[in-house]
Amino acid sequence: MSDEILRVGPQMRITLHFAVRLMDGTEIDSTFEREAATFSWGDESLLPGFERALLGLKTGDRRSMVIEASQGFGDYNEDNVQHFRAEEFGPEADLRPGVVMQFADASQAELPGVIQTVDDEWVTVDFNHPLAGRDLTFEVEILDVQRDAPEQPVILRH
């Protein structure tokens, strides 16, 4: 067995605990009190800014770092706030500020939007991610770093 120290990066599988918090300390998500998370570098389990923050860490490392909005869930984009005529919604629609509704984008994929305001004629919906425009604190503890062995093809023999 080698004494090589494996570090987080390409071709690695990483097991870690993490916590994501707002800058005021409000916890958004954490695995510290539950099962650790495991991902393969580059598999898009983590946003690129979070993944880059882990680069070079090794088993046992624990860090807390700030992820700027542009590297996390993106900057807040006013163009993602849309106005719809209230009559476009059916009578069963729950049109209250703060309610998350599913919409279909141009390709018919589901897109969540948060209702901001409602009046007799217009409904204003925000399609930004709820954490867009927010700097975040990302706390991590690296539990394990292993080489990510690609799955071997199954060879059938007759």
Side-chain angles (χ1 to χ4, degrees), residues 1-84 93-94 97-116 123-156:
M1 184 169 155
S2 165
D3 287 338
E4 178 185 17
I5 296 174
L6 298 178
R7 295 188 178 272
V8 174
Q11 301 170 359
M12 295 294 167
R13 187 162 183 77
I14 301 100
T15 301
L16 71 150
H17 277 300
F18 72 88
V20 177
R21 296 182 183 93
L22 299 177
M23 297 306 288
D24 68 4
T26 303
E27 192 166 276
I28 303 299
D29 192 10
S30 175
T31 65
F32 282 99
E33 300 299 321
R34 58 182 204 263
E35 186 176 343
T38 299
F39 74 99
S40 293
W41 183 267
D43 70 1
E44 299 182 4
S45 293
L46 295 180
L47 291 169
F50 288 87
E51 194 174 71
R52 276 192 301 278
L54 302 176
L55 189 62
L57 297 180
K58 64 185 184 314
T59 299
D61 283 350
R62 188 168 183 151
R63 299 279 189 284
S64 182
M65 58 212 84
V66 172
I67 305 293
E68 293 182 15
S70 62
Q71 299 300 307
F73 291 91
D75 292 321
Y76 190 85
N77 183 348
E78 286 292 336
D79 291 339
N80 289 340
V81 176
Q82 303 290 317
H83 307 281
F84 298 91
D94 186 1
V99 170
V100 177
M101 294 186 76
Q102 295 298 323
F103 293 80
D105 67 11
S107 65
Q108 298 306 305
E110 280 196 0
L111 182 66
V114 179
I115 296 177
Q116 282 188 320
V123 177
T124 303
V125 180
D126 187 349
F127 290 100
N128 284 288
H129 187 282
L131 296 175
R134 308 286 297 263
D135 294 340
L136 302 167
T137 300
F138 184 44
E139 181 183 347
V140 296
E141 180 181 5
I142 306 298
L143 302 178
D144 192 38
V145 180
Q146 298 290 324
R147 293 201 186 285
D148 193 14
E151 291 186 26
Q152 298 299 314
V154 176
I155 299 173
L156 298 176

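From Met12, atom CE reaches atom CG of Asp144 across 11.0 Å, with rounding to the nearest 0.5 Å. Note: Leu54 CG to Phe39 CZ = 5.0 Å, rounded to the nearest 0.5 Å. To the nearest 0.5 Å, atoms CD1 (Ile115) and OG1 (Thr124) are separated by 10.0 Å. The CZ atom of Arg147 lies 5.0 Å from the CG atom of Leu6; values are rounded to the nearest 0.5 Å. Here the CG atom belonging to Asp105 is positioned 6.0 Å from the CG atom belonging to Leu111, to the nearest 0.5 angstrom. From Leu46, atom CG reaches atom CZ of Arg52 across 11.5 Å, with rounding to the nearest 0.5 Å.
In this structure Leu55 satisfies the side chain to side chain contact (heavy atoms under 4.5 Å, CB included) test together with Pro10, Trp41, sequence neighbours excluded. For Arg21, the side chain to side chain contact (heavy atoms under 4.5 Å, CB included) partners are Ala19, Glu27, Thr137, Glu139, not counting sequence neighbours. Residues satisfying the side chain to side chain contact (heavy atoms under 4.5 Å, CB included) criterion with Thr38, sequence neighbours excluded, are Arg13, Thr15.
Minimum heavy-atom separation, Val100 to Pro112: CG1-CB, 4.0 Å. A pairwise comparison of heavy atoms in Asp94 and Met101 identifies O-SD, 4.4 Å as the closest pair. Nearest approach of Ala53 to Ile67, heavy atoms of both residues: CB-CD1, 3.8 Å. Closest approach of Gly56 to Arg7, counting heavy atoms only: O-NH1, 2.9 Å. Closest approach of Glu51 to Ser40, counting heavy atoms only: OE2-O, 4.4 Å. When all heavy atoms of Ala36 and Leu16 are compared, the pair lying nearest together is CB-O, 3.4 Å.
Annotation for Glu68: atom CD does not count as buried by contact number, only 12 or fewer foreign heavy atoms lying within 6.0 Å. Counting heavy atoms of neighbouring residues, nucleotides and ligands inside a 6.0 Å radius, atom CD of Gln102 exceeds 12 of them.
Between Phe103 and Phe84, the ring center distance clears the sub-6.0 Å criterion.
Counting heavy atoms from C-beta outward, Val140 and Phe50 have side chains that stay 4.5 Å or more apart. Side-chain atoms of Phe127 and Gln82, non-hydrogen and from C-beta on, do get closer than 4.5 Å to each other. For the pair Leu57/Arg63, a side-chain contact is recorded, criterion being any heavy-atom separation below 4.5 Å from C-beta on.
Using bins of under 30°, 30° to 60° and over 60° for the plane-to-plane angle, the ring pair Phe32/His17 lands in the parallel bin.
The main-chain N or O of Val20 is never found under 3.5 Å from a side-chain atom of Asp29 such that the two would form a donor-acceptor pair. Side-chain atoms of Asp75 never come within 3.5 Å of backbone atoms of Gly133 as a donor-acceptor pair (strictly under, hydrogens ignored). Without hydrogens or angle criteria, Arg62 side chain to Glu141 main chain gives no donor-acceptor distance under 3.5 Å.
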query = Going through the distances and angles, do Leu136 and Leu22 end up as a side-chain contact (heavy atoms from CB on, under 4.5 Å)?
reply = CA-CA 5 Å; Leu136 302 167; Leu22 299 177; 3.8 Å; yes
